[in-house]
Student: 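Here it is, the structure in full.
Predicted model only: the values in this text are computed from it and were never measured. Throughout, residue positions are numbered sequentially from 1 according to the sequence presented.
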Amino acid sequence: MTDATPVTSETPEHAGAPEAQDLAARGSNRSQRPDSDVFKAFITSGWAPRAALDVEPLPAAPYTAARRAALSARFPGARLVVPAGPLKTRSNDTDYRFRPHSAFAHLTGYGTDQEPDAVLVLHPVEPGTGDDGSDHHAVLYVRPLAARDTEEFYADARYGEFWVGARPSLDDVTTATGIEARHVDELRDALAKDVGPGGVTLLVVAGADEAVEALVEAIRAEAGAEEESAEEQGLTDEEWVARAEAAYRRTDAALVEAVSELRLVKDAHEVEQMREAVAATIAGFEEVVRNLARATAHRRGERVIETTFDAHARLEGNTVGYETIAAAGEHATTLHWIRNDGVVRAGELVLLDAGVEVDSLYTADITRTLPVDGEYTDVQRRVYQAVLDAADAAFAVAVPGARFRDVHAAAMEVIAARLEEWGLLPVTAAESLSPEGQQHRRWMVHGTSHHLGLDVHDCAQARRELYLDGVLEPGMVFTIEPGLYFKADDLAVPEEYRGIGVRIEDDVLVTADGNENLSAALPRRPEDVEAWMARLRG
């Protein structure tokens, strides 16, 4: 048996060898920061008093209080943990630009790149004694501005003021959000208080912050498992279902579901943010049209389109709400074409699917399919008009009282009828529309609509009965986006259709008496698109 003792620089046969360095510490090898006591004393002294940050209450603050109260009502007696999330590594020791988790943004009002590592906690209190008469008191646990006599001030590349600028103080956070702020170092003790059998149930929004989830799991393990409140034997079916539902309401999944469903109906502030996002997006589409000539001249014309829109989004908002799809020619038949490295040719179409995310993190999601040289050919117009008619049919049923699934069904009736009319379906439109058929979906495999808001696919964790089978209500915002996609090698269609992809997407607000097309200022009819492009190109 060989000796298992590790060989180090202290062993005789390796005397004089360099001392082994732990892998985790090697990132500092490039650092040349001085470490002398004299340097530390000098860099932490001689500073004028900090100027106060210009902090005002966030515009969303009155609305976020109501949102937290609505969430409180669903989880009496439970402690609710909603992390903003951590910074995420892009490569080695460089991070992606931070974006808080959407549930955190919705409940605090923070947007842009605020506040990494923060955690919103709704602490249970006596019923009716919490914030705004709710059953919870909200506390934001944050990493506040470090004093200038600390090493974090000058040496911490993630949080130090020298590296990333001044962070808000605890008072600043409270002023902005209207929520009590405490240091994140207090989080563990605050979460653990009274957790255990017969005590507080601790729930966390899973998927936002692995470290916070691990902390919650550790606290639960230390506190012990929940005691069973009743014996399963002898329960009626109704009692068993009620008990199962009560148990589910004490799970992380139920909290994730709740914060998602809370966004199904937008409040007045959210609707205003959506209007701003749509307006900024329409202006971005105009910039793209003005730059189409430059796109056709470049070997990566799609990237000219992409970067034109993305630059506009960064200048006028926070960033893009999702990766811009700038799909020219046959690339338009690939639903999520984001490589955007193709050429842009006159005579072809370019499908632009893009949205500006404003500073509050609400995003638009709009698609137009544009003729590169400003005019549709006869076959392009034929396909485009079919998609537009399908969209109009969907708009007609997107009214209060209808079901979300009805929007898609209305669009599909038009798509199937046109494909039958053109002789492309192997069966009748009626047969294709049956659950056993669906042949028309060969040329439109995606759905017609999705909810929209803080996420481009918002409310994604909502229950099926509230989403797909849900009844439309005033304040809901979603897309209507039918399309037809004929791939270049699709032998099931005549050659004249091959390589044509068309999608038209608008953002829709359900109103008390119908709906409003939030993106109606962007032309939709083919003749209007052509006139709009001609005007923009002079």
Side-chain angles (χ1 to χ4, degrees), residues 53-85 100-112 114-115 118-142 144 168-184 186-187 190-191 200 203-205 208 249 254-276 358-362 453-455 458-459 462 473-477:
L53 296 179
D54 185 16
V55 178
E56 295 182 353
L58 295 167
Y63 298 89
T64 58
R67 298 167 196 168
R68 293 191 298 273
L71 184 64
S72 168
R74 293 182 64 160
F75 296 93
R79 179 169 292 128
L80 312 179
V81 184
V82 186
H101 190 278
S102 292
F104 179 88
H106 189 240
L107 294 167
T108 65
Y110 270 136
T112 59
Q114 301 168 301
E115 269 294 311
V119 182
L120 172 67
V121 181
L122 271 60
H123 293 288
V125 295
E126 288 297 318
T129 66
D131 304 335
D132 297 311
S134 73
D135 297 348
H136 287 81
H137 172 60
V139 178
L140 257 176
Y141 296 88
V142 299
S169 68
L170 295 179
D171 287 343
D172 291 334
V173 171
T174 298
T175 297
T177 64
I179 303 171
E180 179 188 353
R182 302 188 70 86
H183 199 292
V184 74
E186 300 177 27
L187 180 65
L191 294 186
V200 171
L203 304 179
V204 62
V205 173
R249 288 196 294 270
L255 179 57
V256 171
E257 175 186 283
V259 295
S260 191
E261 292 176 354
L262 198 60
R263 306 201 300 270
L264 280 167
V265 177
K266 271 58 179 177
D267 58 37
H269 177 74
E270 292 179 283
V271 171
E272 181 58 33
Q273 295 306 297
M274 291 303 305
R275 292 187 189 280
E276 290 185 14
V358 292
D359 288 349
S360 61
L361 305 184
Y362 288 82
L454 280 167
D455 292 334
D458 209 23
C459 314
E473 300 178 41
M476 287 184 169
V477 178

Student: Using every non-hydrogen atom in the two residues, find where A61 and T177 come nearest and quote the distance to one decimal.
Tutor: CB-O, 4.0 Å
Student: Can you find a heavy atom in the side chain of R74 that is under 4.5 Å from one in the side chain of E261?
Tutor: yes
Student: Within a strict 4.5 Å, meaning less than it, do heavy atoms of the V55 and P168 side chains meet?
Tutor: no
Student: Give me the atom names and distance for the closest heavy-atom approach of H269 to A60.
Tutor: NE2-CB, 3.5 Å
Student: Test side-chain hydrogen bond (donor to acceptor under 3.5 Å, both in side chains) on R68 and T64 and set out the steps.
Tutor: CA-CA 6 Å; R68 293 191 298 273; T64 58; 3.3 Å; yes
Student: Looking at D135 and P76, what are the two nearest heavy atoms and their distance?
Tutor: OD2-CB, 4.3 Å
Student: Please tell me if the side chains of P144 and V173 come closer than 4.5 Å, counting only heavy atoms from C-beta onward.
Tutor: no
Student: Could you grab the distance from atom CG of L264 to atom CD of E473, nearest 0.5 Å is fine?
Tutor: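 Going from the CG atom of L264 to the CD atom of E473 covers 8.0 Å.
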Student: I want to check something: taking the side chain as every heavy atom from C-beta on, are F104 and L140 in contact at a cut-off of under 4.5 Å?
Tutor: yes
Student: How far apart are the C-alpha atoms of E276 and S360, what are their side-chain angles, what is the distance that settles it, and do they pass the side-chain contact (heavy atoms from CB on, under 4.5 Å) test?
Tutor: CA-CA 10 Å; E276 290 185 14; S360 61; over 6 Å; no
Student: What pair of heavy atoms forms the shortest contact from S260 to A462, and how long is it?
Tutor: OG-N, 3.5 Å
Student: Quick one: do L191 and V119 satisfy side-chain contact (heavy atoms from CB on, under 4.5 Å)? Show the steps, please.
Tutor: CA-CA 11 Å; L191 294 186; V119 182; 5.8 Å; no
Student: Hey, could you give me the CD1/CG distance between I179 and L58, rounded to the nearest 0.5 Å?
Tutor: 9.0 Å
Student: Taking the side chain as every heavy atom from C-beta outward, state whether H137 and E180 have any pair of such atoms under 4.5 Å apart.
Tutor: yes
Student: Are any side-chain N or O atoms of T112 and backbone N or O atoms of D359, one a donor and one an acceptor, separated by less than 3.5 Å?
Tutor: no
Student: State, to 0.1 Å, how close P474 and V265 come at their nearest heavy-atom pair, and which atoms those are.
Tutor: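 Smallest heavy-atom distance, with atoms named: O-CG1, 3.4 Å.
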Student: Give a yes or no on whether the backbone of A78 and the side-chain of H136 come within a donor-acceptor separation of less than 3.5 Å.
Tutor: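 Yes, the answer is positive, given that a donor and an acceptor are paired below the 3.5 Å cut-off.
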Student: Is H106 close to Y63 at the side-chain level, that is, under 4.5 Å between some pair of heavy atoms?
Tutor: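 A side-chain contact is absent here, since even the closest heavy-atom pair is not under 4.5 Å.
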Student: Would you find more than 12 non-hydrogen atoms of other residues, nucleotides or ligands less than 6.0 Å from R67 atom CZ?
Tutor: yes
Student: Can you classify the ring geometry of Y141 versus H123 as parallel (below 30°), tilted (30 to 60°) or perpendicular (above 60°)?
Tutor: perpendicular
Student: Kindly indicate whether the side chain of L361, heavy atoms from C-beta on, has any atom under 4.5 Å from the side chain of P100.
Tutor: yes
Student: Go through it in stages, so that I can follow the logic: the residues are S169 and D172, the test is side-chain hydrogen bond (donor to acceptor under 3.5 Å, both in side chains), and I'd like the CA-CA distance, side-chain angles, deciding distance and then a yes or no.
Tutor: CA-CA 5 Å; S169 68; D172 291 334; 3.1 Å; yes
Student: State, yes or no, whether a side-chain contact exists between E115 and T108 at a heavy-atom distance under 4.5 Å.
Tutor: no
Student: Starting at CZ of R182, measure out to OG1 of T174 and round the result to the nearest 0.5 Å.
Tutor: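 Reported value, rounded in 0.5 Å steps: 10.0 Å.
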Student: F75 and A258: which non-hydrogen atoms are nearest, and at how many Å?
Tutor: CE1-CB, 3.5 Å
Student: Decide yes or no on side-chain contact (heavy atoms from CB on, under 4.5 Å) for K266 and D458, but give the supporting numbers first.
Tutor: CA-CA 11 Å; K266 271 58 179 177; D458 209 23; 3.0 Å; yes
